[in-house]
Colleague: 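Structure incoming, see below.
Computed from a prediction, not measured in an experiment: that's the story for all the values here.
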Amino acid sequence: MHPDHTEPPHQPPSRSRGGRRLRNTVVTLALGAAMFAAGAVMLAPDQTTASRPSGQGRPGASPPRGSIEALQARVTRLPKDSGGWAALGMAYVQQARSTADPATYDRAEKALRTSFTVQAEGNTDAEIGMGALAAARHDFPTALRWARKATASGPYSSSAYGVLADTYTQLGRYDDADEAVQKMTDLRPDAASLARASYAFELKGDTDRARALMRRSLAAAATLADTSFAHNVLATLDLQDADPRAALARTQIGLRAVPGDSALLETRARARLALGDTAKAIADYRAAIAIAPLPHYLLGLGELEQSLGHREQAEAQYTILRAQDRIRAAAGDPADTDAILFEADHGNANNAVKMAEQTLRARPFVAVHDAYAWALHRAGRDAEALIQAEKALAQGTRSALFHYHRAAVHHALGDPDAARRDLTQALREPGFHPLHADAARDLLQRIDSTP
């Protein structure tokens with residue numbers, strides 16, 4: 001899966017949270033990336049990290065308990081209900097992550113701040129919401145402060161420990177994240193905690209244990225959001241294990257349960273691409289983008305169109321990506337990994353390096369190290385790139401794209417044997433990328449044909 005879009009696991013309904021892998025009293029929290037990725041958190045190591053978003057308001061999905069409309073009516077009727085305002089804030093956070101509408105974050109913050117005006121102290125629900133909001137904005141140091149407040153005021157809140165785990169993960173504090181996940185699971189072994197435990201093993205490359213835990217999360221799913229998220233993660237694990245037919249079957253099951261889920265549509269597109277059905281892959285990408293124009297959807301479709309020689313169609317997606325990034329840059333927000341990789345491959349590599357350096361300062365996550373490595377490689381700084389590529393893979397993450405990136409760096413540094421090992425690992429997933437998979441095969445052939 002995309003270790004960044006690495007999206008995070010969902011939060012189930014609870015008194016402590018409203019509620020995109022990832023990942024609430026109202027909605028599922030999806031940090032990442034992806035989009036943390038592309039990296040949604042348990043953002044998929046941000047797509048590479050793929051995002052694992054899922055959310056509400058999707059065509060065909062039944063309204064979740066505590067929908068935005070219902071919560072708006074509730075706070076109108078009960079303006080002194082701090083929990084209602086906190087739940088509304090969390091619902092807005094999830095809506096923004098699911099629809100790629102950053103303006104919704106302002107509504108989320110307003111609702112959460114209102115909750116604090118009603119109850120200034122011991123407001124665990126609002127503290128959790130503020131942590132999730134900061135994480136969604138990729139301000140992980142601030143997210144950590146709020147998560148610590150939430151676990152202090154609500155020591156028995158599994159949702160508070162979920163936000164803490166997600167934040168530690170994105171800050172590269174993986175042992176601390178594991179401890180938080182264990183505490184969350186001890187408090188409440190439900191779909192959300194099991195999903196985070198699954199991601200902890202996925203991050204370390206143990207896809208067997210990750211799959212087993214995600215199946216348990218699916219069995220414990222209490223909402224359509226939990227169900228669609230679990231199906232999507234299981235499908236991405238199938239793709240990692242080079243079984244696109246199983247991934248396709250899994251996404252079909254998920255879409256029958258939750259028609260119109262953009263994350264499942266995007267994963268089905270990747271499964272179809274791996275199977276060589278590019279026409280249906282394009283159709284699925286377009287359907288996902290129509291629901292939520294998330295950066296990793298746009299980049300995936302653009303690079304697929306480019307690989308097919310459809311320059312005009314590819315450029316249409318890239319134009320939207322550039323516009324989205326101008327909005328991000330104007331706000332002063334750090335770039336996600338999708339934006340860094342896009343700039344490295346389709347823009348100015350030196351700019352991509354600067355973007356990665358800004359992001360890494362606040363988010364030393366494996367997917368960011370990978371994106372930084374690729375930007376440095378594209379800028380001709382391969383000795384530095386290798387350091388970052390090693391950090392990206394230090395946890396054991398089984399990312400074909402990470403391995404391809406390191407292979408290219410090894411080759412540029414004159415180490416064909418190391419490049420061959422990484423290329424062989426990357427090509428265990430033959431269709432891992434619409435452009436780079438072919439490049440990986442070509443590079444491996446060149447290495448093998450060189451005396």
Colleague: Give the minimum heavy-atom separation between Leu304 and Ala281, together with the two atoms involved.
Modeller: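 Smallest interatomic distance, heavy atoms only, reads CD2-CB, 4.0 Å.
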Colleague: Side chains of Glu266 and His296: do they bring a donor and an acceptor to under 3.5 Å?
Modeller: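 No pair is found: no donor N or O on one side chain lies under 3.5 Å from an acceptor on the other.
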Colleague: Are any of the side-chain heavy atoms of Arg137 and Asp333 separated by less than 4.5 Å?
Modeller: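 No, their side chains stay 4.5 Å or more apart.
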Colleague: Any chance you could lay out the salt bridge (charged side-chain N to carboxylate O under 4.0 Å, His left out) test for Glu305 and Arg286, step after step, and finish with the verdict?
Modeller: CA-CA 11 Å; Glu305 296 278 22; Arg286 289 176 176 168; 3.1 Å; yes
Colleague: Mind checking whether Tyr105 and Leu133 have side chains closer than 4.5 Å, heavy atoms only?
Modeller: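 Yes; the side chains approach each other to less than 4.5 Å.
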Colleague: For Arg322, give me all partners under salt bridge (Lys or Arg N to Asp or Glu O under 4.0 Å), at least two apart in sequence or on another chain.
Modeller: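 Arg322 satisfies salt bridge (Lys or Arg N to Asp or Glu O under 4.0 Å) with Glu315 only.
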Colleague: Would Arg74 and Glu69 pass as an ion pair if we require N to O under 4.0 Å?
Modeller: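 Glu69 and Arg74: not salt-bridged.
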Colleague: Flag the pair Arg196 and Asp166 as a salt bridge only when some basic side-chain nitrogen lies within less than 4.0 angstrom of an acidic carboxylate oxygen.
Modeller: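 Between Asp166 and Arg196 there is a salt bridge, with a charged N closer than 4.0 Å to a carboxylate O.
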Colleague: Surrounding CZ of Arg328 (heavy atoms of other residues, nucleotides or ligands, distance under 6.0 Å), is the total greater than 12?
Modeller: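 Check passes, neighbour count above 12.
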Colleague: Nearest 0.5 angstrom please: Leu164 CG to Ser158 OG, how far?
Modeller: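 Here the interatomic distance stands at 12.5 Å.
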Colleague: Which pair of non-hydrogen atoms, one from Ala177 and one from Ala165, has the smallest distance, and what is that distance?
Modeller: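 Smallest heavy-atom distance, with atoms named: CB-O, 3.7 Å.
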Colleague: Hey, is Asp206 close enough to Lys204 for a salt bridge, meaning N to O under 4.0 Å?
Modeller: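 Salt bridge absent between Asp206 and Lys204.
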Colleague: Using the test salt bridge (Lys or Arg N to Asp or Glu O under 4.0 Å), find all partners of Asp277 that sit at least two apart in sequence or belong to another chain.
Modeller: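 Salt bridge (Lys or Arg N to Asp or Glu O under 4.0 Å) check on Asp277 returns nothing, list empty.
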Colleague: Atom CD1 in Ile253, atom CG in Leu218: separation rounded to 0.5 Å?
Modeller: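 Result: 9.0 Å between the selected atoms.
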Colleague: Quick one: ring pair (Phe, Tyr, Trp, His ring centres under 6.0 Å) pairs with a partner in residues 298-328, sequence neighbours left out?
Modeller: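 Sorted pair list: Tyr318-Phe342, Tyr318-His346.
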Colleague: Given the rule in the side-chain contact (heavy atoms from CB on, under 4.5 Å) test, do Val366 and Phe402 qualify, once you have shown the distances and angles that lead to the verdict?
Modeller: CA-CA 9 Å; Val366 291; Phe402 287 13; 4.3 Å; yes
Colleague: Can you confirm whether Asp125 sits close enough to Ser115 that some side-chain heavy atom of one is under 4.5 Å from a side-chain heavy atom of the other?
Modeller: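 Heavy-atom side-chain distance check fails, nothing below 4.5 Å.
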Colleague: Mind checking side chain to side chain donor-acceptor pair (under 3.5 Å) for Arg211 and listing every partner two or more places apart, or none if nothing turns up?
Modeller: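 Per chain and number, Arg211 pairs via side chain to side chain donor-acceptor pair (under 3.5 Å) with Asp238, Asp241.
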Colleague: With side chains defined as the heavy atoms from C-beta onward, is the minimum distance between Thr169 and Tyr199 less than 4.5 Å?
Modeller: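 The answer is yes, as the side chains (C-beta and beyond) meet within the 4.5 Å cut-off.
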Colleague: Please tell me if the side chains of Leu144 and Pro141 come closer than 4.5 Å, counting only heavy atoms from C-beta onward.
Modeller: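 In short, these two side chains do not touch, never coming nearer than 4.5 Å.
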Colleague: Could you check Trp146 against Phe140 for ring-ring contact (aromatic ring centres under 6.0 Å, His included), going step by step and ending with a plain yes or no?
Modeller: CA-CA 10 Å; Trp146 282 112; Phe140 296 104; over 10 Å; no
Colleague: Which heavy atom in Phe432 sits nearest to a heavy atom in Ala437, and how many Å separate them?
Modeller: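 Closest approach of Phe432 to Ala437: CE2-CA, 3.5 Å.
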Colleague: Give the minimum heavy-atom separation between Ser228 and Asp261, together with the two atoms involved.
Modeller: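 That would be OG-OD2, 3.1 Å.
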Colleague: State, with a plain yes or no, whether a side-chain heavy atom of Arg398 is found less than 4.5 Å away from one of Glu429.
Modeller: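 Result no, sub-4.5 Å side-chain heavy-atom pair not found.
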Colleague: So, using salt bridge (Lys or Arg N to Asp or Glu O under 4.0 Å) as the criterion, who are the partners of Arg268 when residues are at least two apart?
Modeller: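 Here the qualifying residues are Asp284.
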Colleague: Would you say the side chain of Leu308 lies within less than 4.5 Å of the side chain of Ile282, judging by non-hydrogen atoms?
Modeller: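 Ile282 vs Leu308: side chains touch.
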Colleague: With a 4.5 Å limit on heavy-atom distance, are the side chains of His231 and Leu264 in contact?
Modeller: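 SC-SC contact between His231 and Leu264 confirmed.
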Colleague: Let me see the working for Phe365 and Leu203 under side-chain contact (heavy atoms from CB on, under 4.5 Å), right down to the final yes or no.
Modeller: CA-CA 11 Å; Phe365 179 53; Leu203 196 61; 4.2 Å; yes
Colleague: Using side chain to side chain donor-acceptor pair (under 3.5 Å) as the criterion, list what pairs up with Arg245, not counting sequence neighbours.
Modeller: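 Listed in chain order: nothing, the list is empty.
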Colleague: Please find the pair of heavy atoms, one from Glu343 and one from Ala352, that lie closest to each other, and give the distance.
Modeller: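 Minimum heavy-atom contact is CG-N, 3.7 Å.
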Colleague: For residues 349-359, which residue pairs qualify under side-chain hydrogen bond (donor to acceptor under 3.5 Å, both in side chains), counting only residues two or more places apart or in two chains?
Modeller: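 Residue pairs with at least one partner in residues 349-359: Glu357-Tyr372.
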Colleague: Quick check: does any side chain N or O of Arg216 sit under 3.5 Å from a backbone N or O of Ser198, one acting as donor and the other as acceptor?
Modeller: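 Such a contact is absent between Arg216 side chain and Ser198 backbone.
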Colleague: Just jot down the side chain to side chain donor-acceptor pair (under 3.5 Å) partners of Arg209, sequence neighbours excluded, or say none.
Modeller: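 Not a single residue meets the side chain to side chain donor-acceptor pair (under 3.5 Å) criterion with Arg209.
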Colleague: Could you state the interatomic distance from CG (Asp139) to CD (Gln170), rounded to the nearest 0.5 Å?
Modeller: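 The distance works out to 12.5 Å.
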Colleague: Given the rule in the side-chain contact (heavy atoms from CB on, under 4.5 Å) test, do Val353 and His377 qualify, once you have shown the distances and angles that lead to the verdict?
Modeller: CA-CA 9 Å; Val353 169; His377 167 69; over 6 Å; no
Colleague: For Val181 and Ser193: C-alpha separation, side-chain torsions, deciding distance, then whether side-chain contact (heavy atoms from CB on, under 4.5 Å) applies.
Modeller: CA-CA 7 Å; Val181 170; Ser193 59; over 6 Å; no
Colleague: List in chain and number order the residues that pass salt bridge (Lys or Arg N to Asp or Glu O under 4.0 Å) with Arg113, two or more places apart in sequence or in another chain; answer none if no residue qualifies.
Modeller: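 Once residues adjacent in sequence are excluded, the partners of Arg113 under the salt bridge (Lys or Arg N to Asp or Glu O under 4.0 Å) criterion are Glu109.
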Colleague: Any chance you could measure Thr337, atom OG1, to His369, atom NE2, to the nearest 0.5 Å?
Modeller: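 Reported to 0.5 Å precision, the distance equals 12.5 Å.
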Colleague: Looking at Ala362 and Leu171, what are the two nearest heavy atoms and their distance?
Modeller: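 Reported closest heavy-atom pair: O-CD2, 3.4 Å.
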Colleague: According to ring-ring contact (aromatic ring centres under 6.0 Å, His included), who are the partners of Tyr404, at least two apart in sequence or on a separate chain?
Modeller: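 Expected list: Trp374, His436.
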Colleague: Nearest 0.5 Å please: distance from the CE atom of Met130 over to the CG atom of Leu112.
Modeller: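 So the CE of Met130 and the CG of Leu112 are separated by 6.0 Å.
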Colleague: Can you list the residues that meet the side-chain contact (heavy atoms from CB on, under 4.5 Å) rule with Ala235, with sequence neighbours excluded?
Modeller: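 Counting only residues at least two positions away or on another chain, Ala235 forms a side-chain contact (heavy atoms from CB on, under 4.5 Å) with Ala247, Arg250, Thr251, Thr267.
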Colleague: Give a yes or no on whether the backbone of Ala191 and the side-chain of Ser217 come within a donor-acceptor separation of less than 3.5 Å.
Modeller: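 Indeed, once roles are kept as given, a pair shorter than 3.5 Å links the two residues.
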Colleague: Under a plain distance cut-off of 3.5 Å, with no hydrogens placed, do Tyr161 and Thr151 share a side-chain donor-acceptor pair?
Modeller: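 Not at all, the side chains of Thr151 and Tyr161 share no donor-acceptor pair under 3.5 Å.
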Colleague: Would you give the length of the straight line joining atom NE2 of His433 to atom CG of Leu273, rounded to the nearest 0.5 angstrom?
Modeller: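 Those atoms lie 10.0 Å apart.
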Colleague: Please enumerate all residues that pass side chain to side chain donor-acceptor pair (under 3.5 Å) together with Lys280, with sequence neighbours excluded.
Modeller: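 Once residues adjacent in sequence are excluded, Lys280 has no partner under the side chain to side chain donor-acceptor pair (under 3.5 Å) criterion.
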